[in-house]
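Source: prediction; values computed, not measured. To find a chain, count down the sequence lines: A is the first, B the second, and so on, and within it residues start at 1.
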Amino acid sequence: MTATALLDTDHINIDKPPFILVDGSYYMFRNFHALPVTMQTTQGLHTNSIRGTLNALKKLMEKYRPTHMAVAFDTKAPTFRHKLSPIYKGDRPEMPAELAEQIPYIHKMIQAMGIPLLAIEGVEADDIIGTLAHRACLEGHHVIISTGDKDMCQLVNPCVIVENSFDDKRYDIAGVKEKFGVEPRQIIDYLTLMGDASDGIKGVAGIGAKTAQKLLEQYDSIDNILANVDQLKGKQQQTFLQSTDSIALDKRLATIITDLDIVPDWETLRLPTDPSFNIAEKRAIFTELEFKSEIASLNHPFHPSNNGSFKAAEPAQNAIHNPMVEAIKTSQDSKNTANKQWHTVTSQADFDTLIQRLGASKHFVIDTETTDVNWQHAELVGLSFALQSHEAYYVPVAHVDEMGNQIEQLAREDVLAQLKPILQNPQIGKIGQHLKYDAHILANYDINLINEPKNWAMDTMLASYVINAVATRHGMDDLARHYLHTQTITFEDVAGKGAKQITFDKVPLTVASDYACEDADITYQLFELFSEKLRAEPNNAKLLHELEIPVAQILCQMEHDGILLNKAFLGELSARFDEKIQALETVAFAQAGETFNLASPKQLGEVLFDRLGITGGKKTKTGQYSTSEAVLATIDHPLIETVLEHRSLSKLKSTYTDALANVADSNDRVHTSYHQALTTTGRLSSTEPNLQNIPIRTDTGRLIRGAFIAPKGRKVLSADYSQIELRLMAHFANDPVLIRAFQEGHDIHRATAAEILGKAFDDVTSEERRQAKAVNFGLLYGMSEFGLAKQLGFTRQQAQDYIKLYFARYPTVRAYMQATRTAAQNQGYITTILGRKLFTPDMQHPNRSVRQAAERAAINAPLQGSAADIIKLAMIAVNEVLHQDHAKMLLQVHDELVFEADEDKVDEIAKLIKNAMQDVLSKTAKEKGWDVDFAVPLVVEVGIGDNWDEAH
DNA sequence: GCATCATCTTA
DNA sequence: GTAAGATGATGCG
């Protein structure tokens, strides 16, 4: 019996929020198949179904603001339908393990959210929903059943609507008619006639959706069809007569029960109205699931980015939303439940106590919170501290309320004045995550954190990098996840992202304090963990304290100083380039016979290969024509030269002349950022702007280097290591021929050519030298004959022969390459000259090309990595001999250091630098306890000029 | 508004 | 063939 007959719908109050009944089992399955199975926590728990179910529930609650709700689930226990029919749902395959593991989490999550969950052993979710919908109707509620199961449409009546939040389709009475062509009350018969294999309903043979619809339109019900079976045609009549038994069974299977013996207690189906309800449980489960935005919602329930968090319905006119009060509740709660002691320090008395503890400590964590990731524009907003795990302090110094008004807090200058002696005292070690940034910020307030390497007890980012550069990225959130299995509150969680992001001073204080305290706390926990790891591997500790930390402090100084630009000159170049670019564009359009965007590879490809009919176009992996220089160079057409020149000038203008002028400060100095924990080999990288890829190869490009100058009375000085990676290869391979060539100071490429070709050194042609150079570089990059052939325009056979010849002359090099490969394969890492372990993933990868790429990287890693070690050490050595008043180290470009130096002392300074750099292994490394016996001389070439072009 | 692709710059 | 970062175009939301 369906509910309709019993209903008197006049008393239903549609102004009240509807009672929402959710088919939990449907959402669980549907989301599992709809969302990628790659959604997993770092622990490998699949979360696609959990995530999808959560989103569906949130969407429903947002939409209807219900006061009452229930989610029903099937259980594993057999139901009466199983007893009725042996095939009922019998064909269904075993539930995938990836889904099964999610079920307990889905249940736990729903319960944590305070949503009534109904799962009754031996009862199907459909029947629970049917019964509750029926009861709710009788009591005058408007009901929405959320499911994608069409069977449920039998429950639709004037007060029950079925809705699918997957496709947003709603079925009221008219909707059901439109979709199925029958009344909701006929759905059971409709299903019985046509059958439903997935539900074990056999149906009547030969009857599908269309016939079922037609029959029910004509006869209204199966009972009536059977009563008039004689009217049916021969075959159909036969089938019906034979099917009466199975029809009866199918009908029972298809009928959703609406009168189960369960009495809903409406109070137990009421949703909580307080967003902080169960917050600890919510936090716990979302943390375990690594649902960052959900955690953020808990921390900051009224943030604009938080549009999906659960907010229970309340009459709008009564709502007194006080974000601060709510935020305090949530953060208090989180502190208590996690058993953490996080404090916000706003009174002088509390701060005095903190200062006392900091001053008496051996070391502590410090972290600064600011208004900007770029230290040049950042304002200090607060500082957090940790002296032990699970305890942290946040001292706000420039927070404002949502109106932008100052809030009660200690004054920034007072706080900093009291901290300064402690922060500058190297006897009290500072611990931090990416301390270079904090050092920049504090320097802006005249506090010097880079006075001595010892002042930094640890930088957790650098420690992680030294321990294993590739296991994880080295941001704090990554480290917390990887090493502490903790999902932290991210900055985006508290401040939003993109255009809507707010600055940290506007984040409500309690939320900000939690975030900042967590950072300090996590950093302390990482410090303890990494200290342990570093004790186990003393060379890593040495790399951190004797190499990376001193380098970080030097980089801080270099970034702070910045290099002077000749902005007027850059402006001239821009104008000149622009003029030429315009002219080239006109020419290109004439040559192409049409106008198009020259900067668009897509349009250019179409013009060249489709319209001008040029053949030999190569496609990129996305299927469009490649128009890279290498491809265009093989084409003979006047348009090509124009395009290439246009491209080259556009590149120079947009990437260099325009961009550099834009990032210069008010004193015309540019401050790059060096990233010290990014590359897989130990190299630095440079961003905003990247000053490690300033042009030099072409004359036009090289002009840009002329814009890097020194102030009046100073010169630009450049010092670079000559052939450092090849020297390292000679050393590692211990190759007598190469070592002798370096010892005798020969041009190494010419010497290589002479050796391979069996010629006298002076008889080597420039073409032969070029080829030898390509092979030498190829070796450093783990070359294949294919790659070499491409580089030199050789056939594969020629390339193979050439390599063979090389290895015949340099057998030790071949042995070294093979030994590196083996080491990477067997131990999973290679080591650099200072013993840095560089892990080599994918050496056993089943995909051949991935594996070969890994092998090439493994061959290159000790060479590039050792060169990186050497120049880092050189920076330290040079810094020790340099007088800050007379010269500044400004740039590092992998094998080159760039300085500005007083003109009258520049020759003397050049000698100091050259010697410090050349002696870095024989002297500096040894002083710091690395025992390196380097077989070839390190040679440094120094240039001096009025700009970087002249100096190089 | 944001992510990805193709291209080009360096050591 | 190694290691990086920036740009404009393009396509998705």
Would you classify [X] as touching base, sugar-phosphate or nothing, given that sugar-phosphate means primed atoms plus P, OP1 and OP2, and contacts are heavy atoms under 4.0 Å?
| X | value |
| --- | --- |
| A:E629 | sugar-phosphate |
| A:Y656 | sugar-phosphate |
| A:A659 | sugar-phosphate |
| A:G498 | sugar-phosphate |
| A:D720 | nothing |
| A:A774 | base |
| A:Q852 | nothing |

For DNA chain B, which nucleotides open and close the run of contacts to chain A, 5' to 3', at under 4.0 angstrom from a non-hydrogen atom?
B:dC2 to B:dA11
Under the rule for salt bridge (Lys or Arg N to Asp or Glu O under 4.0 Å), what residues qualify as partners of A:K837, not counting sequence neighbours?
A:E537
On the 0 to 90° scale, with breaks at 30° and 60°, tag the A:F732-A:Y816 ring pair as parallel, tilted or perpendicular.
parallel
Sorted by number, the residues of residues 670-709 of chain A with heavy-atom contact under 4.0 Å to DNA chain B
A:R683, A:Q692, A:N693, A:I694, A:P695, A:I696, A:R697, A:R705
Could you tell me whether [X] and [Y] have a side-chain N and a carboxylate O separated by less than 4.0 Å?
| X | Y | answer |
| --- | --- | --- |
| A:E548 | A:K872 | yes |
| A:R669 | A:E559 | no |
| A:E579 | A:R576 | no |

Test the A:K602-A:Y625 pair against the cation-pi criterion, namely NZ or CZ under 6.0 angstrom from the six-membered ring centroid and within 45° of the ring axis.
no
Partner of A:I859 by side-chain contact (heavy atoms from CB on, under 4.5 Å), out of A:Q864, A:R821, A:M783:
A:R821
Positive for side chain to side chain donor-acceptor pair (under 3.5 Å) with A:R836, one of A:T831, A:D869, A:T681:
A:D869
How would you list, by chain and number, every residue that makes a side chain to side chain donor-acceptor pair (under 3.5 Å) with A:R750, sequence neighbours excluded?
none
Looking at residues at least two apart in the chain, or sitting in another chain, which of them share a side chain to side chain donor-acceptor pair (under 3.5 Å) with A:T622?
A:T620
Measure the NZ-NE2 distance between A:K580 and A:H646 for me, rounded to the nearest 0.5 Å.
11.5 Å
Reading DNA chain C from 5' to 3', where do the contacts with chain A start and stop? Cut-off is 4.0 Å to heavy atoms.
C:dG1 to C:dG11
